[in-house]
Student: 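To start, I am sharing the structure in question, which I have written as structure tokens.
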Amino acid sequence: MAIAHIVQKLSIMQSKILREKFIKFFQSKGHKLLPASSLIPTDPSVLLTTAGMQQFKDWFSGEVKPKYGKVVTVQPCFRTSDIEEVGDNSHLTFFEMMGNFSFGYAHLVPSLGARQDKSFGSYFKKEAIDLTYEFLTKDLKINAQRITVTIFPGDKNKNLPLDSESFTSARQIFDDKQILMGSSEDNFWGPTGDEGPCGPTLEIFVDGIEVWNLVFNQYYCDKNRRLKPLALKGVDTGMGLERLAAVMQGEKSVFQTDIYSPILAKIDNLLIESKNVDLPRSALILADHIRGITFLSAEGILPANKQQGYVLRRLIRRAILHGFLLKLKKDFLKELAQVVIAQLGEFYPNLVKNKEQIISVLAGEEDRFLKTLQRGLAEFEKIKNKSQKDKIISGAAAFKLADTFGFPIELTEELAQKDNFKVAREDFAKAMEMQREVARKSQKVSSGSANPKLHTACHLLHQALREVLGPHAKQAGQDVTGEVLRFDFTHPQELTDEQLRKIEQIVNQKIKDKLTVTSKLTTVSQAKKEGAIALFEQKYADKVTLYDIGGYSKELCAGPHVKNTGELGHFKILSEKSAASGVRRIKARLH
Ligand code: SER
């Protein structure tokens with residue numbers, strides 16, 4: 001794609017306007033605009049927010065009474081499932097999903113509590129389809145003939161019938177040739193995670209590009225994959241802003257819209273060599289990844305070896321690899337993140353609020369990985385040469401690339417695939433597991449004879465750190481077996497004297513307050529609902545112990561602890577330094 005084309009393109013239907021139009025339209029139809037949820041979902045069975053409906057799962061399932069009947073949101077979403085496809089015309093890892101929702105539709109079953117309150121106004125298939133049509137053809141002025149829809153045809157395996165209600169409603173608007181039978185897989189959505197609401201969908205295509213998905217939540221899928229009809233039904237729709245922008249701006253590729261043009265222009269600007277050339281796929285991958293990276297970092301997620309932190313690290317390192325292949329000037333991640341923040345900061349103020357933190361994390365990770373990347377790539381070539389016969393990268397070799405050179409396994413696989421090599425994933429997993437086992441054993445030894453006073457002090461310190469530094473500061477390790485406590489936590493920079501003083505003060509105040517320490521048995525999801533700190537990195541049993549220090553600190557932990565913080569005496573921080581990349585270490589004592 002030629003850069004000149006991207007930069008010069010001035011479009012009337014800018015993505016910003018499209019976002020506004022969507023919100024305004026549904027507000028004018030009585031929908032309440034609600035903020036997007038965090039990219040870290042409250043639902044512990046999924047790692048990251050992949051759809052707008054996730055924050056409303058409880059409203060759809062009927063577990064919690066919906067606050068509103070009709071809602072509109074714009075939700076940043078992150079999906080790794082399409083990562084290999086990124087760089088084609090339409091696939092992305094990060095995107096903004098615009099959605100309208102309707103909850104608690106019970107008009108057909110008045111005995112189940114049809115709402116008397118008219119303003120609640122929930123709707124189902126016909127109204128949802130009508131609204132969609134009105135928005136696309138009247139507000140956006142898309143010629144109706146460009147639209148086709150697909151209908152859920154039924155599913156013999158699940159014993160579900162054709163979605164005749166959607167079919168009938170669609171026929172009232174569209175010509176027969178515009179209505180197609182979809183497939184039983186593509187036209188059925190959900191649940192996200194282990195269980196949840198789900199149902200048939202009607203998909204909307206403009207010029208053959210799928211832009212909008214209307215999900216009619218009318219079933220609940222339990223953990224055993226059994227479907228039960230929901231008494232109160234709901235509508236969940238999702239339209240990708242990037243694809244809509246492509247349609248409205250007359251482009252085939254999402255990357256040719258105004259959403260990506262400033263990022264691609266910056267990439268062009270950062271090229272050490274040629275100017276005004278066609279940007280290769282690496283540039284598109286980088287343009288996609290930098291948005292996800294920026295948003296994930298803004299949530300306080302730090303690159304790590306597990307869970308959300310791992311997704312971020314994998315994405316960052318893949319972006320760095322492509323930046324390296326493009327031969328971009330140093331600090332390109334930081335520069336590109338700034339473009340994303342400038343572009344979207346107005347609509348997502350947390351990007352601006354956390355700008356410094358984002359930049360420092362990215363600069364640090366780029367610095368570190370670039371140091372080993374070139375040597376890692378050389379090592380990779382050596383490994384390949386040695387494995388020419390069977391074309392298999394052994395588990396041990398993949399482990400070395402991960403352990404010594406910081407190559408996420410997916411990156412090794414991707415590089416291998418390019419040259420038709422395979423990676424022995426199972427052997428790699430075994431090597432990783434062995435390393436973890438060693439780490440676990442050493443941790444066990446150190447927590448065996450814990451000093452309860454220091455242990456309670458750690459919980460207070462943990463909470464104080466989060467209060468002063470932000471929720472990204474999470475425990476990464478601790479030792480409370482000796483006289484001095486050691487507490488490791490995730491944070492990108494050195495702490496200032498001011499911050500250390502403040503943290504010390506808070507802990508000492510909590511000691512002076514003589515807070516009672518209580519514990520109870522509960523479940524992980526209940527504990528999370530109560531706002532307890534649970535370490536993502538850890539696997540918890542069904543029943544866990546929640547330690548509560550006078551309502552100030554709530555943390556899942558096996559103990560032991562003191563009964564009252566008054567027993568701790570005085571808390572003093574002795575030192576603060578780096579423990580590993582992105583991890584700080586505080587040593588402190590009580591006297
Ligand atoms: N949840 C549906 C989707 O992700 C519609 O919003 O496509």
Side-chain angles (χ1 to χ4, degrees), residues 18-19 22-23 25-26 31-39 41-43 45-61 66 68 70-83 85 90-103 105 122-125 127-129 131-132 135-136 149-152 163 166 182-206 209-221 227 230 233-244 247 254 292 295:
L18 291 172
R19 203 196 278 119
F22 187 86
I23 295 171
F25 174 80
F26 283 101
H31 292 62
K32 169 85 181 164
L33 172 66
L34 290 183
S37 68
S38 158
L39 271 171
T42 41
D43 176 359
S45 65
V46 278
L47 212 51
L48 291 162
T49 297
T50 55
M53 63 77 71
Q54 252 159 289
Q55 63 167 321
F56 305 119
K57 253 175 115 168
D58 290 353
W59 289 9
F60 280 122
S61 67
Y68 307 96
K70 299 188 278 194
V71 163
V72 57
T73 65
V74 179
Q75 176 69 51
C77 293
F78 189 89
R79 294 181 181 174
T80 44
S81 50
D82 293 332
I83 197 164
E85 260 85 40
S90 59
H91 287 92
L92 300 165
T93 57
F94 174 85
F95 59 99
E96 288 178 79
M97 190 189 277
M98 308 190 287
N100 58 296
F101 304 88
S102 171
F103 306 99
Y105 180 88
S122 15
Y123 52 82
F124 205 40
K125 296 178 183 175
E127 295 88 335
I129 297 168
L131 283 171
T132 308
F135 179 67
L136 293 177
V149 301
T150 58
I151 306 279
F152 178 64
D163 184 359
S166 291
S183 77
S184 48
E185 287 96 46
D186 288 350
N187 288 74
F188 195 90
W189 202 87
T192 56
D194 304 338
E195 58 181 322
C198 56
T201 73
L202 179 139
E203 292 188 330
I204 302 198
F205 297 74
V206 179
I209 299 168
E210 184 199 334
V211 291
W212 206 343
N213 192 13
L214 315 192
V215 181
F216 304 116
N217 280 313
Q218 59 187 91
Y219 302 104
Y220 191 90
C221 176
L227 296 182
L230 279 172
K233 304 178 198 327
V235 175
D236 146 35
T237 90
M239 171 150 66
L241 176 61
E242 296 74 7
R243 285 193 189 176
L244 181 69
V247 165
V254 288
F295 272 78

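Whatever order the structure lists ligands and atoms in, that order sets their numbers, starting from 1. Since we're looking at a predicted model, the values are computed, not measured.
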Student: For atom 7 (O) of ligand 1, grab the closest protein heavy atom and report residue, atom and distance to one decimal in Å.
Tutor: Asn213 ND2, 3.0 Å

Student: Does any N or O of ligand 1 fall below 3.5 Å from an N or O anywhere on Gly238, backbone included?
Tutor: yes

Student: Look at atom 6 (O) of ligand 1 and say which protein heavy atom is nearest, naming residue and atom and giving the distance to 0.1 Å.
Tutor: Asp236 OD1, 2.8 Å

Student: Check whether any side-chain heavy atom of Lys57 sits under 4.5 Å from a side-chain heavy atom of Pro197, and report yes or no.
Tutor: yes

Student: So, do Phe188 and Phe152 have ring centers that fall under 6.0 Å from each other?
Tutor: yes

Student: Could you list which atoms of ligand 1 come closer than 4.0 Å to a heavy atom of Val215?
Tutor: 2 (C), 5 (C)

Student: Under 4.0 Å from any heavy atom of Ala51, which atoms of ligand 1 are there?
Tutor: 1 (N), 4 (O)

Student: Please list, in number order, the atoms of ligand 1 under 4.0 Å from a heavy atom of Trp189.
Tutor: 1 (N), 2 (C), 3 (C), 4 (O), 7 (O)

Student: Kindly indicate whether the side chain of Trp212, heavy atoms from C-beta on, has any atom under 4.5 Å from the side chain of Leu136.
Tutor: yes

Student: Polar contacts were defined as any N/O atom of the residue lying under 3.5 Å from an N/O atom of the ligand; does this apply to Arg79 and ligand 1?
Tutor: yes

Student: When you compare the side chain of Thr150 with that of Asp186, does any pair of heavy atoms fall below 4.5 Å?
Tutor: no

Student: Between Leu131 and His31, is any pair of side-chain heavy atoms under 4.5 Å apart?
Tutor: yes

Student: Quick check on Met239 - does any of its heavy atoms sit under 4.0 Å from an atom of ligand 1?
Tutor: no

Student: Hey, are the side chains of Phe124 and Gln218 touching, using non-hydrogen atoms and a 4.5 Å cut-off?
Tutor: yes

Student: Find all atoms of ligand 1 within a distance of less than 4.0 Å from any non-hydrogen atom belonging to Thr237, and give their numbers and elements.
Tutor: 5 (C), 6 (O)

Student: Tell me, do Ser122 and Phe103 make a side-chain contact under 4.5 Å, heavy atoms counted?
Tutor: no

